[in-house]
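Below you'll find the structure, written out as structure tokens, and then a few comments.
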Protein chains: 2
Amino acid sequence: MNYSVSEENYIKAIYNLNGNKQPVSTNALADIMATKPASVTDMLKKLKTKKLIIYQPYQGCKLSAEGVKVALNIVRRHRLWEYFLAEKLKFEWNEIHVIAEELEHVSNPKLIERLDEYLGFPRFDPHGDPIPDHEGKMQMLKQVKLTQLPLHTPAKVSGLTDQSTDMLELLRHSNICIGTDVEINRKFGFDHSVEIKIPGNPLFIISEQAAQHILVHHE
Amino acid sequence: MNYSVSEENYIKAIYNLNGNKQPVSTNALADIMATKPASVTDMLKKLKTKKLIIYQPYQGCKLSAEGVKVALNIVRRHRLWEYFLAEKLKFEWNEIHVIAEELEHVSNPKLIERLDEYLGFPRFDPHGDPIPDHEGKMQMLKQVKLTQLPLHTPAKVSGLTDQSTDMLELLRHSNICIGTDVEINRKFGFDHSVEIKIPGNPLFIISEQAAQHILVHHE
DNA sequence: AATATTTTTTAGATTTACCTAAAAATAAAT
DNA sequence: ATTTATTTTTAGGTAAATCTAAAAAATATT
């Protein structure tokens with residue numbers, strides 16, 4: 001029921017590579033974990049005996065049902081800490097991941113429940129990724145670039161793919177933050193710029209270049 | 001410059017046992033660390049080569065100047081997290097220590113500085129122990145039981161030696177919290193109860209039994 | 001299909017932080 | 001001042017997580 005930091009990191013890596021449900025190769029894991037394939041094989045054997053993965057030699061691996069549960073719990077911890085770092089400690093979005101990698105291994109369950117409550121039960125982290133609840137369920141909204149959002153479709157800003165100060169300046173000027181409700185009112189064919197509607201604000205136009213880097217969630 | 005969790009725990013233990021400046025014995029350390037003396041000897045050799053302790057076989061050990069610096073940094077992290085857990089996440093005082101033992105090993109310096117700032121640069125943790133600043137300096141006020149506070153001496157409530165719900169109820173009723181400014185106005189010889197003055201509040205009396213468990217700081 | 005290439009696993013070492021059991025040094029007691 | 005008891009250290013071993021080098025299996029190429 002309690003796993004080492006190393007085990008947790010492998011489980012997390014398998015989970016992240018496994019999005020497509022295809023088995024994860026030993027080399028791919030070695031790459032992500034910045035280690036050697038031989039070391040990965042050792043760990044895969046161990047995780048297999050603990051029934052966290054399904055693994056046959058030379059066939060790659062994938063998480064078992066129990067493994068997914070463990071992975072979701074790690075992801076939950078990681079994303080809650082990311083939210084805390086950005087929202088409360090005012091870290092920039094590009095700094096939070098590394099720190100959360102350390103904090104995520106502090107696994108006291110009551111701590112995580114209290115943190116969740118303290119943060120107001122956020123459902124998305126500052127990168128726009130959904131935060132699993134204490135049962136492992138998470139909201140699976142479509143995340144798309146603002147350029148791909150259909151016309152007149154209510155959406156919520158969930159992340160950025162560019163966190164440069166120039167970008168942040170532009171967003172601040174437009175009153176766009178994580179969580180802001182937006183809708184595309186009109187698209188201009190000429191330069192592909194888009195007209196944005198934010199409830200309570202006047203309409204305004206944003207360039208394709210900028211819109212490309214803004215991620216939004218919608219149903 | 002970066003130490004393992006185990007190394008940090010030894011340094012912390014030596015620091016805690018070393019308050020009286022006497023060298024710490026191998027057995028005393030083994031006891032605290034819940035390990036065997038032979039294991040302690042191994043670690044002491046390692047810490048010596050890293051110049052964190054002064055150690056001669058059979059002579060016990062004490063922290064070097066560098067060791068003290070490292071220890072104070074660990075203590076700083078521990079106490080800041082304790083403050084966070086009690087103040088923000090509303091944990092009871094008896095729950096915070098164990099969780100802070102885990103969090104204290106997350107050593108990203110910027111995280112700790114931001115946390116300190118977020119908490120408002122507290123100078124005492126919820127147990128009333130001083131929090132070292134980022135240079136390792138801490139306020140060394142006298143901590144005494146309320147029963148031992150001299151008459152008419154301004155002091156600040158810094159901790160409790162009894163955290164039972166009964167005790168907390170009594171304190172809430174008297175408007176006493178961590179950080180409350182108090183002063184003893186009068187002591188009654190008959191039952192050793194004390195009359196308390198809190199700025200802006202009416203005077204009130206508290207039993208010796210209760211006052212014994214309230215810790216205060218004064219100059 | 002046979003050979004070459006890539007991927008993965010085995011075999012044997014290393015490091016960290018422990019352990020037990022026995023030896024050596026120190027301290028206490030006769 | 002010996003002997004006894006305690007404390008501490010050495011010697012040798014274990015488990016976790018890594019490594020290198022070599023063997024084996026799977027995949028790709030001619």
Side-chain angles (χ1 to χ4, degrees), chain A residues 1-15 17-18 20 22-63 67 70-71 74 101-102 104-107, chain B residues 1-15 17-18 20 22-63 67 70-71 74 101-102 104-107:
Chain A
M1 265 241 162
N2 234 14
Y3 304 103
S4 74
V5 169
S6 193
E7 287 169 332
E8 286 196 347
N9 282 332
Y10 273 93
I11 292 167
K12 196 177 53 158
I14 296 168
Y15 177 83
L17 288 170
N18 198 39
N20 37 2
Q22 275 157 9
V24 173
S25 79
T26 301
N27 268 359
L29 262 174
D31 237 54
I32 296 266
M33 299 293 297
T35 184
K36 298 293 139 99
S39 309
V40 173
T41 302
D42 285 350
M43 182 56 87
L44 293 184
K45 285 190 208 157
K46 201 217 271 196
L47 293 178
K48 186 186 180 178
T49 70
K50 295 198 178 187
K51 309 209 170 178
L52 293 170
I53 62 171
I54 290 135
Y55 164 64
Q56 289 303 92
Y58 299 101
Q59 302 308 130
C61 71
K62 49 185 291 196
L63 293 174
V70 174
I74 301 166
E101 297 257 81
E102 287 194 70
E104 73 189 1
H105 300 295
V106 176
S107 63
Chain B
M1 262 237 165
N2 235 13
Y3 304 103
S4 74
V5 170
S6 194
E7 288 169 331
E8 287 196 346
N9 281 332
Y10 273 93
I11 293 166
K12 195 177 53 158
I14 296 168
Y15 177 83
L17 288 170
N18 197 39
N20 38 1
Q22 276 158 9
V24 173
S25 79
T26 301
N27 268 0
L29 262 173
D31 236 54
I32 296 266
M33 299 293 297
T35 183
K36 297 294 139 97
S39 308
V40 173
T41 302
D42 285 349
M43 182 56 86
L44 292 184
K45 284 191 209 157
K46 202 217 273 195
L47 294 178
K48 186 186 180 177
T49 70
K50 296 198 178 187
K51 309 208 172 182
L52 293 169
I53 61 170
I54 290 136
Y55 164 64
Q56 290 302 91
Y58 298 101
Q59 303 308 130
C61 70
K62 49 186 291 195
L63 294 174
V70 174
I74 301 165
E101 297 259 79
E102 285 194 71
E104 72 189 2
H105 300 295
V106 177
S107 62

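Here the structure is a predicted model, which is why all the values come from computation and not from measurement. Chain letters run A, B, ... following the sequence lines, proteins first, then strands; residues in each count from 1.
Side-chain proximity of B:Ala38 to C:dT9, D:dA26, D:dT9: nearest is D:dT9.
As a whole-Å value, the separation of B:Glu7 CD from C:dC18 P is 10 Å. In this structure, the CE atom of A:Met33 is 11 Å from the C1' atom of D:dT18, given to the nearest Å. The distance between atom CG of A:Asp42 and atom P of D:dT20, rounded to the nearest whole Å, is 13 Å. Note: NZ (A:Lys36) to C1' (C:dT15) measures 16 Å, nearest angstrom. One interatomic measurement links the two molecules: CG of B:Leu47 to C1' of C:dT16, which rounds to 13 Å at whole-angstrom precision. In this structure, CG of B:Asp31 is placed 10 Å from P of D:dT7, rounded to the nearest angstrom. One atom, OH of A:Tyr3, and another, P of D:dA16, lie 15 Å apart when rounded to the nearest Å. B:Met43 has its CE atom 11 Å from the P atom of C:dC19, to the nearest Å.
Residues forming a side-chain hydrogen bond (donor to acceptor under 3.5 Å, both in side chains) with B:Lys62 (at least two apart in sequence, or on another chain): none.
Listed here is the closest heavy atom pair of A:Cys61 and A:Ile14: SG-CD1, 3.9 Å. Nearest approach of A:Glu104 to A:Glu8, heavy atoms of both residues: O-OE1, 4.3 Å. Taking each heavy atom of A:Ile54 and A:Leu63 in turn, the nearest pair found is CD1-O, 4.1 Å.
Contact annotation for A:Pro37: base contact, defined as any heavy-atom pair under 4.0 Å involving a base atom. If you check every strand for non-hydrogen atoms under 4.0 Å, B:Thr41 touches a base.
Contact between the side-chain N/O atoms of B:Thr26 and the OP1/OP2 oxygens of D:dT9 is found at a separation under 4.0 Å. Between B:Ser25 and the phosphate of D:dT7, there is no side-chain N or O to OP1/OP2 separation shorter than 4.0 Å. An OP1 or OP2 oxygen of C:dT8 is reached within less than 4.0 angstrom by no side-chain nitrogen or oxygen of A:Tyr55. Residue A:Tyr10 has a polar side-chain atom (N or O) positioned under 4.0 Å from OP1 or OP2 of D:dT18. OP1 or OP2 of D:dC19 sits under 4.0 Å from a side-chain N or O of A:Ser39. For B:Ser6, no side-chain nitrogen or oxygen approaches OP1 or OP2 of C:dT16 to under 4.0 Å.
Atom-to-atom distance recorded for A:Ile53:CD1 and A:Leu44:CG is 4.5 Å, nearest 0.5 angstrom.
Each of A:Tyr58 and B:Asn27 was assigned the nucleotide of DNA chain D with the nearest heavy atom; the assignment lying further toward the 5' end belongs to B:Asn27.
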